[in-house]
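Whatever order the structure lists ligands and atoms in, that order sets their numbers, starting from 1. Model, not experiment: these values are computed from the prediction.
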Amino acid sequence: MPNDDQFISLPTMANDTNRFQAIISHCKEYGFIFPSSEIYDGLSAVYDYGQYGSELKKNIKDHWWKSMTQFHENIVGIDAAIFMHPTTWKASGHVDSFSDPMIDNKDSKKRYRVDHLIEARIDELEKAGDAAAAGALQQAMDSLLAASDFVGLKKLIEDQKIKCGVSGTSNWTDIREFNLMFSTQLGSVTEEASEIYLRPETAQGIFVNFLNVQKTGRMKIPFGIAQIGKAFRNEIVARQFIFRMREFEQMEMQFFIRPGTEDQWYEYWKEARMKWHLGLGIPKEKYRFHPHVKLAHYAKAACDIEYEFPIGFKEVEGIHSRGDFDLRNHQEYSKKKMQYFDPEINQNYIPYVIETSIGLDRTCLMVISEAYTEEDLSTPEKQDSRVVLKFPTKLAPIKLAVLPLVKKDGLPEIARQIMDTCKSQFRCFYEEKDTIGKRYRRMDAIGTPFCVTVDQQTKEDQTVTIRYRDSMQQERISIAAIPGIVNQQIGS
Ligand code: ATP
């Protein structure tokens, strides 16, 4: 059997502190994620997905879409435009209040989000083992944010002697609000251009289409509308790779319900969404719910699902009980009725909404962070290690690699036949260059769960060697069995 003996030399193992950096480098080196327009030195907080990253992203998208729409008979999907009538954003409250409190360092001119600055101090205290001080600071920040008390927040920053990471000084400006929406002009300037916004969330495309979908789909409450699409936010502190981007994708679902049933549906969706996350094969101790302390003025209840990234527990998804805030405001601004007639109780009402909103890019980062594994394979005779992305098969960019052991003796032809049978069913990859050991390791690095190798014995008995990514075990199977093995794992 071919073995894993010829290895690609790998960098030394990453420790906890540089694990995140190692993941970013790996994503670039293996065609997952590149900085945008890199030949011009990139664009801050904007990224491009490469050949494997875009496959991974698409697989996550398809998985979410299917679990929302195909598995829920009462949820349908739409695809609304990024540009919307500007009044949408007045009605939604984004023009007036989609802002973050910011503070500038006068010496470095660097601008920070106030909550991020204080959270970094909380992290420092936690790392130093002072959990009590960290907890007290968290509480103080939460209550000042809840009260929008900017003077108190600035005092907190000064009392904690928080310094700018660039200038090293505590020479701070006052705290101000900064709107996060990007604006542009619709039409040419000569044709009475009007200012419009790049949508900062996909949800409003769902709200403005609520009646269109309800009527044309003859939807009965409770029902949901799902959407996947781009959103844009002029994040001031844009950092942490694809965790916080200026252009990103959201997967959102608005669930329309009868008023009075919101608490039970909120609990239902909290549970359903956590189940979805666990279905990605991620252990439950890597997740936690974080209830919002500062509720948006319209929200009845809200929480985040947080995942433990290499940079700590951070939000991946928000679940919000929004009442009738959005539909009521659209009714008021558009003067169009946003009501539903409920035949069961013979009443008209504006439905309440439970929203689930998950970032697609953050989910990609979560899945990559969870999959990224450095393994020490050293034996007394030889030092060795590998980097492997242990993706669940359904999310892996490539499911099967087909590798002729040598480039002659009719082996490539047999491998090509296997490709022809399998490539219509799932994403396959063909490669004949380099030693088999190097090819296996390249497939490990992009997370391909199965490699099959065609060798001389294949010509005699129509069998190949299948190698399993995680265990590196190899076994002999018949060519005919390949699609079944891969499909069974994709479905599980
Ligand atoms: P944060 O507090 O991290 O800024 P948020 O609470 O403003 O996030 P929501 O408005 O609830 O986020 O958006 C829903 C989801 O969209 C988030 O849970 C996150 O996964 C994703 N998201 C929001 N902003 C960004 C961003 N700048 N880059 C990537 N994903 C984002």
(request) Note the single closest protein heavy atom to atom 16 (O) of ligand 1, along with its residue, its atom name and the distance in Å. (result) Gln250 NE2, 3.3 Å

(message) Checking Gln204 against His94: is there a side-chain donor and acceptor pair closer than 3.5 Å?
(response) no

(request) Establish, for the pair Lys110 and Tyr112, whether the NZ or CZ atom is under 6.0 angstrom from the six-membered ring centre and no further than 45 degrees off its axis. (result) yes

(request) Identify whether NZ of Lys or CZ of Arg in Lys399 sits under 6.0 Å from the centre of the six-membered ring of Phe426 and within 45° of that ring's axis. (result) no

(message) Which of the numbered atoms in ligand 1 are under 4.0 angstrom from any heavy atom belonging to Glu317?
(response) 18 (O)

(request) Looking only at distances, please establish whether an N/O atom of ligand 1 is found under 3.5 Å from an N/O atom of Met245. (result) yes

(request) For Glu201 and ligand 1, answer yes if some heavy atom of the residue is under 4.0 Å from a ligand atom, otherwise no. (result) no

(request) For atom 8 (O) of ligand 1, grab the closest protein heavy atom and report residue, atom and distance to one decimal in Å. (result) Glu315 OE1, 3.7 Å

(request) Between Arg233, His116, Glu247, flag the one that comes closest to atom 23 (C) of ligand 1 by a heavy atom. (result) Arg233

(request) Go through the steps to decide whether Asn105 and Thr169 satisfy the test side-chain hydrogen bond (donor to acceptor under 3.5 Å, both in side chains), and finish with yes or no. (result) CA-CA 8 Å; Asn105 182 271; Thr169 69; 3.3 Å; yes

(request) Test side-chain hydrogen bond (donor to acceptor under 3.5 Å, both in side chains) on Gln227 and Glu252 and set out the steps. (result) CA-CA 5 Å; Gln227 176 169 223; Glu252 295 197 300; over 6 Å; no

(request) Output yes when the distance from some N or O of ligand 1 to some N or O of Arg362 is under 3.5 Å, and no in every other case. (result) yes

(request) Can you sort out which atoms of ligand 1 are near Glu235, meaning under 4.0 Å from one of its heavy atoms? (result) 24 (N), 26 (C), 27 (N)

(request) Could you tell me which atoms of ligand 1, counted from 1 in the order shown, lie closer than 4.0 angstrom to a heavy atom of Ser357? (result) 13 (O), 14 (C), 15 (C), 18 (O)

(request) Give yes if a backbone or side-chain nitrogen or oxygen of Gly359 is under 3.5 Å from a nitrogen or oxygen of ligand 1, and no if not. (result) yes

(request) Answer side chain, backbone, both or neither: which part of Met251 comes under 4.0 Å from ligand 1, heavy atoms only. (result) neither

(request) Examine the side chains of Tyr307 and Glu315 and answer whether a donor and an acceptor come within less than 3.5 Å of each other. (result) no

(request) With heavy atoms of His320 as the reference, note each atom of ligand 1 found under 4.0 Å away. (result) 11 (O)

(request) Run the numbers for me: atoms of ligand 1, each under 4.0 Å from some heavy atom of Phe243, listed by number. (result) 28 (N), 29 (C), 30 (N)

(message) Between Phe210 and Phe256 (judged by ring centroids, cut-off 6.0 Å), do the two rings come close enough to count as a pair?
(response) yes

(message) Would you say Asp62 and Asn59 are linked by a side-chain donor-acceptor pair, where the criterion is simply a distance under 3.5 Å?
(response) no

(message) Counting only nitrogen or oxygen atoms and a 3.5 angstrom limit, does Val316 reach ligand 1?
(response) yes

(message) For atom 22 (N) of ligand 1, what's the nearest protein heavy-atom neighbour? Residue, atom name and distance, please.
(response) Phe248 CE1, 3.5 Å

(request) State whether Trp269 and Arg273 meet the cation-pi test: NZ (Lys) or CZ (Arg) under 6.0 Å from the six-membered ring centroid, and within 45° of the perpendicular axis. (result) no

(request) For atom 4 (O) of ligand 1, grab the closest protein heavy atom and report residue, atom and distance to one decimal in Å. (result) Arg244 NH1, 2.8 Å

(request) Using distance alone, with no hydrogens and no angle criterion, decide if Asp324 and Tyr349 have a side-chain donor and acceptor under 3.5 Å apart. (result) no

(message) Check contact between His292 and ligand 1, using heavy atoms of the residue and a distance below 4.0 angstrom.
(response) no

(message) If the test is salt bridge (charged side-chain N to carboxylate O under 4.0 Å, His left out), which one of Lys61, Arg199, Lys58 qualifies with Glu249?
(response) Lys61

